[in-house]
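Here's the structure we're looking at; comments come further down.
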Amino acid sequence: PHFQAWADRRALPHYLYYRRKGKQVRGYCAACGTDIIMAADGVKHNATGTCPHCHRKIVFKAEGLARNVVDQTRVEYVQRIDGGHLMVREIDITKRYGKDYRHPEFFSYEGSRHIAFPDGKSEKYIPNSGISWLGKWKPLNDDREYYAALYTPGLAAALRGTPWQYCAIERYAMHQPRFAAAFYLADSIKHPCVEYLCKMGFYRLLDERQNIMANYTHCVNWDGKAPRDVLKIRKDLIPLAVQNNVSSSELERLQFLTKADLQPDDPDLEWIADNNLYWQEDKIISLLKHMTLWKIRKYSERQSAAHKSVSISDIIGDWADYLRNAQLLEYNLHKDAVLFPKDLKKAHDSAMKLAKVKHDKIVDEKLRVICKELAEKFGFSQGDYIICAPSCLKDMLVEGDKLNHCVATNYAEPMALGETVILFIRHANAPDKPFVTMEVRNGHIVQVRGFDNHTPDKQVLSFVEAWKKKVLERPQRRSA
């Protein structure tokens, strides 16, 4: 009876049934069981209002129009069971108002049970054969969580002395009328920060956390220990975050202030928001290493006015790319003429071409050194095929062009950095003609590709297997 009364009071809507009589209505509040006489102003079928007696929010129902009203809700309550575990029972409740709306009917059905373990794991059970009163339950491999109202009377006693005693779930239930209690309990064990985030009042972050499939809260370090580590913001910004009960998107704005070393009252922050520049935050931060946010704004606006078809966002992106290339080219970034070129597009395109030439030269120099060692280490011939290493960047460019794949574009720099190894498989009678390309990483063959990225025939693959056993898998070769 107590559970049903609580569910009726806290989890179901309340109605005030009425009939008009002149300028008044005579009604009955199903929430408090009181006969009501009140002015007819504002009273309309399905309109919302407040009971003048119990002051609860109600929905008006005209007697002649509401002959059959059915409400359904789900309520969870937590019980402690043997072994220090918790059981979260999901009860589906139906309340039906018929002609005799003063005596509605109640129906309940226990649809599932969650067992929460002290290590943060949980198991879900449903009634065997769909009949809960038989007392037989079977496990269900289903990670979906359903929102429900949490029955809080007796909750503190159920949690006392368990790992969940201080998890603040009752405090969260006061804020959020419907949520997945089993998920909250498991999450509070896996991520202890859930407890103090709730106690600090970060309810919106926890609301978004409930919808974990949407991944709203990737900006939160749920494995962090202190609030500063969890929220990834400066200590001086934490009071502002608490005061505003920030959402994940608002937290990302504070994280931007932290990385950019800006203050929340900076007048140019509104300009960033108006131009939707937060997704360019990494590039704005790179620009801030050389100038103030005010200068970024003024220069971007001038360039936007000069090139009306280019957005502020695109200008920020091109500007950051230009300065990165300028740094590679060893330009003097202390000069305003370098930092703020008169024509950004022209300067960007010129620096990009020069930077590519320099970058390719650096990669080529590294490849020439590495490839000499690789040729000795991995060179091999057997039957109709040989394996050899490229000698320079040009060899990889020719290989990619002739075989119509991306070996030079995607693998030249990683190879120059020693992150991977590219080898060429050639016909023994045509050693200079591209045929098949192979990648080896950490002592393992990653891929073998012929023209247009097709897998070569069995004869080539057998040759590769022979090379693997005789060369790659020899003890002294394992470091490749």
Side-chain angles (χ1 to χ4, degrees), residues 321-322 324-325 327-329 348-480:
D321 292 342
Y322 157 72
R324 184 181 66 251
N325 288 328
Q327 193 167 15
L328 176 66
L329 295 168
H348 168 273
D349 293 347
S350 174
M352 184 175 64
K353 291 177 182 178
L354 293 173
K356 187 178 187 312
V357 172
K358 183 170 183 177
H359 175 268
D360 288 351
K361 183 179 179 182
I362 294 171
V363 170
D364 183 64
E365 290 173 352
K366 291 182 178 180
L367 284 176
R368 289 178 182 275
V369 174
I370 290 174
C371 289
K372 286 181 180 180
E373 300 176 3
L374 296 178
E376 296 177 4
K377 189 173 185 180
F378 292 117
F380 180 71
S381 65
Q382 179 175 295
D384 296 333
Y385 305 108
I386 65 171
I387 287 181
C388 58
S391 61
C392 59
L393 176 60
K394 183 179 178 181
D395 286 354
M396 296 185 71
L397 290 168
V398 170
E399 184 87 354
D401 180 61
K402 296 297 184 182
L403 297 183
N404 196 32
H405 59 42
C406 59
V407 65
T409 307
N410 292 347
Y411 298 94
E413 185 171 1
M415 185 170 172
L417 295 173
E419 297 172 358
T420 193
V421 171
I422 297 297
L423 299 171
F424 299 158
I425 301 173
R426 302 282 169 85
H427 284 288
N429 59 4
D432 296 325
K433 183 178 180 181
F435 176 50
V436 172
T437 313
M438 177 168 63
E439 181 188 7
V440 178
R441 189 187 308 141
N442 298 324
H444 299 281
I445 298 172
V446 178
Q447 55 182 326
V448 182
R449 294 286 183 265
F451 180 79
D452 212 15
N453 275 321
H454 289 152
T455 302
D457 59 31
K458 293 182 179 179
Q459 189 176 354
V460 173
L461 295 178
S462 296
F463 168 74
V464 170
E465 188 64 25
W467 172 84
K468 176 182 175 184
K469 291 178 180 179
K470 294 181 180 181
V471 178
L472 187 63
E473 293 183 346
R474 277 190 286 182
Q476 64 268 29
R477 310 291 187 184
R478 289 186 181 277
S479 60

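Basis for what follows: all heavy atoms, side chains included, without hydrogens, waters or symmetry-related copies.
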Distance-minimising heavy-atom pair for Pro431 and Ile386: CB-CD1, 3.9 Å
Spacing of CG belonging to Leu329 relative to OH belonging to Tyr322, to within rounding of 0.5 Å: 9.5 Å
Side chain to side chain contact (heavy atoms under 4.5 Å, CB included) between Lys356 and Asn325, worked out: CA-CA 9 Å; Lys356 187 178 187 312; Asn325 288 328; over 6 Å; no
salt_bridge(Arg324, Asp321) N-O dist < 4.0 Å: yes
Parallel, tilted or perpendicular, as decided by the 30° and 60° cut-offs, for the rings of Tyr385 and His427: tilted
Nearest heavy atoms of Leu367 and Cys392, plus distance in Å: CD1-C, 4.3 Å
Considering all heavy atoms, the nearest Trp467-Phe378 contact: NE1-O, 3.1 Å
Test log, rule side chain to side chain contact (heavy atoms under 4.5 Å, CB included), inputs Thr437 and Tyr411: CA-CA 11 Å; Thr437 313; Tyr411 298 94; over 6 Å; no
Euclidean distance, Leu472 CG relative to Leu423 CG, rounded to 0.5 Å: 9.0 Å
Carboxylate-amine/guanidinium contact Arg426 Glu399, below 4.0 Å: yes
CA sep, side-chain torsions, deciding dist, call: Glu439, Ile445, side chain to side chain contact (heavy atoms under 4.5 Å, CB included): CA-CA 6 Å; Glu439 181 188 7; Ile445 298 172; over 6 Å; no
Any Val448 side-chain heavy atom under 4.5 Å of Ile425 side chain: yes
Side chain to side chain donor-acceptor pair (under 3.5 Å) partners of Gln382, counting only residues at least two apart: Lys470
Polar side-chain atom of Asp457 near backbone of Gln459 as donor-acceptor pair, under 3.5 Å: yes
Criterion side chain to side chain contact (heavy atoms under 4.5 Å, CB included) on His359 and Glu413, from CA distance to verdict: CA-CA 9 Å; His359 175 268; Glu413 185 171 1; 3.2 Å; yes
Arg441 vs Val421 side-chain heavy atoms within contact, under 4.5 Å: no
Over all atoms of both residues, closest heavy-atom pair of Gly383 and Ala428: O-CB, 4.1 Å
Min side-chain heavy-atom separation Pro390-Met415 under 4.5 Å: yes
Side-chain heavy-atom pair Lys372, Arg368 within 4.5 angstrom cut-off: no
Distance in Å, Leu403 CG paired with Asn453 CG, rounded so as to fall on 0.5 Å steps: 9.0 Å
Atom pair CD1 (Ile422) and CD1 (Ile370), whose distance is rounded to the nearest 0.5 Å: 12.0 Å
From Ser391 atom OG to Met396 atom CE, the distance as rounded to the nearest 0.5 Å: 11.0 Å
Heavy-atom side-chain contact between Thr420 and Val446 under 4.5 Å: no
Nearest non-hydrogen partners of Pro456 and Gly450, listed with the distance: CD-N, 4.3 Å
Value rounded to 0.5 Å, distance of CG in Leu393 from CD1 in Ile362: 12.0 Å
